[in-house]
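Fair warning: this is a prediction, and the values are worked out from it, not measured in the lab.
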Amino acid sequence: MAVHDKIKEILAEQALLTPEDVADTASLQDLGIDSLGVVEVIFAIEEEFSISVPFNANDPEASNFDISSVHAISAAVSQLIAQQSG
Amino acid sequence: MTNRVVITGQGAFCALGGTADAVVNAMLNGTCAIGQMDFPDVGRLSVQIGAQIKGYDANALFTRSEQALYDPFTQYALIAAKEAMAQSGLTLNDALALQTGVVLGSAGGGLQTQDQNYKTVYEDGKNRVHPFVVPRLMMNAASSHVSMAHGAKGPCFTVSTACASSNHAMGQAFQMVRSGGAQVMITGGSDSMLCFGGIKAWEGLRVLSPDGCRPFCETRNGMVQGEGAAVFVFEELEHAKARGATILAEVAGFSMTADAADIVVPSAEGAARAMAASVVDAGLNADQIGYVNAHGTATAVNDKTEVAALRTAFGSAAEGMAISSTKSMHGHIMGGTGAVELLSCIAAVKDGVLAPTVNLHSKDPACDLDVVANTARENPVEAAISNAFAFGGLNAVITLKRFS
């Protein structure tokens, strides 16, 4: 839960919204976050959770990091934390 | 005053080779100089490939006191300028020295010097840096040292427009000779950003490829950095003829535009305007352009936008243009890249040999023009254009014509 809330906070800050306005099902596009914004969000996520996110802006689909919705991002981040801890 | 401008000397130094001839031959052989990079802390980078100059021994070319003043980007520019001036056969007497200038491009300037010295004071905790840090890192260091090495006392400055730096620089040099502001201009560009800080900054943008530079290919996944320099001698035609100089090509046109749109995403409209206007400036028609050295970075966005821009600028004439991105071989040399790429345009108009785009496995349907794939092609070309499109939406396109 903590991860999910933190992701919402990061996205809200990027989108100039409050965390309550960030729906689980929203896409980054729904939130008005453009391609440069995505790169900033990923940087913020890496810093917050001390993880490395495999993401290539040239080919987001092939990056093995699902950014299709807020929920998907949370799930992907939780998985990376599990993989990269310890 | 409208003078004709010709190229009477060329020099180059990059991962493909130590002279202009070596670089051009490597391009025509489809040599890919991209590989694992080697410098301190490279292991902490997520992207470790680049077109790095290997086996370079600065001690063999520069004295200890020269090296104290020359960042690698200055060293590379000096090496290339020396070759270009030697080929031109020019010696600058007192009168000609006043009519000879230097304009070079660079995106990073002495970035390695900054990187090393920040490390010294912040990471190593030292309270003292070498006394020449400032004259070593300044953007105009390479232009100034080239002017000193050859005694060029005319207009001298550095242009910094990211990836378009050397095309903008050569455009300035061209316009200066054409307008009568100088008889001779030593021009091109150099960059050397293959160090930990230089690559780490690029990693952040998430546009570098971890595994190779594949322009126009369906499998392309980003750009790959390179380093080096190329320098040319641009000379007023009658001056060159009067002294019996060998003329490599004519610089016929130049145009520059701004997208005024986005700081990183290129616009086809801005690029198309620059290409079309450069050909008009050269007094040519689109169907006379036989070769395009593309910007071709191998990012997802650039290559398809560039192909769309070619179609917008030239309509059906774009179908008749052979296109290649030599970045697939020498990497993206940033502020020096347009200069290194001009070598392939000179080879195209002078010798009718077209350098390939290597690593092209299967062409992206969105890049459906005549890409010279993997092996060089022989085909006489009357005129060629060289594209450079920088972050910041700055476009600079040079048109070369076979000299006759």
How far apart are the C-alpha atoms of B:Asp115 and B:Met193, what are their side-chain angles, what is the distance that settles it, and do they pass the side chain to side chain contact (heavy atoms under 4.5 Å, CB included) test?
-> CA-CA 9 Å; B:Asp115 200 50; B:Met193 299 201 254; over 6 Å; no
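Within the 3.5 Å criterion, the main-chain N or O of B:Ala373 finds no donor-acceptor partner in the side chain of B:Thr357. Counting only distance, with no hydrogens or angles, the side chain of B:Ser165 and the backbone of B:Gly105 share no donor-acceptor pair below 3.5 Å. Between the side chain of B:Asn395 and the main chain of B:Phe389, no donor-acceptor pair closer than 3.5 Å is present. Between the side chain of B:Ser324 and the backbone N or O of B:Val372, no donor-acceptor pair lies under 3.5 Å.
With a threshold of 4.5 angstrom between heavy atoms, B:Val207 approaches chain A through its backbone and through its side chain. For B:Leu208, the part lying near chain A is the backbone, with the side chain staying farther off; criterion is any non-hydrogen pair under 4.5 Å.
Considering all non-hydrogen atoms of both residues, B:Asn167 and B:Gly338 come closest at OD1-CA, 3.4 Å. B:Ala313 approaches B:Ala272 most closely through the heavy-atom pair CB-O, 3.5 Å.
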Short donor-acceptor contacts under 3.5 Å linking chain B with chain A:
| from | atom 1 | to | atom 2 | distance (Å) |
| --- | --- | --- | --- | --- |
| B:Arg206 | O | A:Ala57 | N | 2.8 |
| B:Arg206 | NH1 | A:Val53 | O | 2.6 |
| B:Arg206 | NH1 | A:Phe55 | O | 3.4 |
| B:Arg206 | NH2 | A:Glu46 | OE1 | 2.7 |
| B:Arg206 | NH2 | A:Glu46 | OE2 | 2.8 |
| B:Val207 | O | A:Asn58 | ND2 | 3.1 |
| B:Asn221 | O | A:Asn56 | ND2 | 2.8 |
| B:Asn221 | O | A:Asn58 | ND2 | 3.2 |
| B:Ala300 | N | A:Asn58 | OD1 | 2.7 |

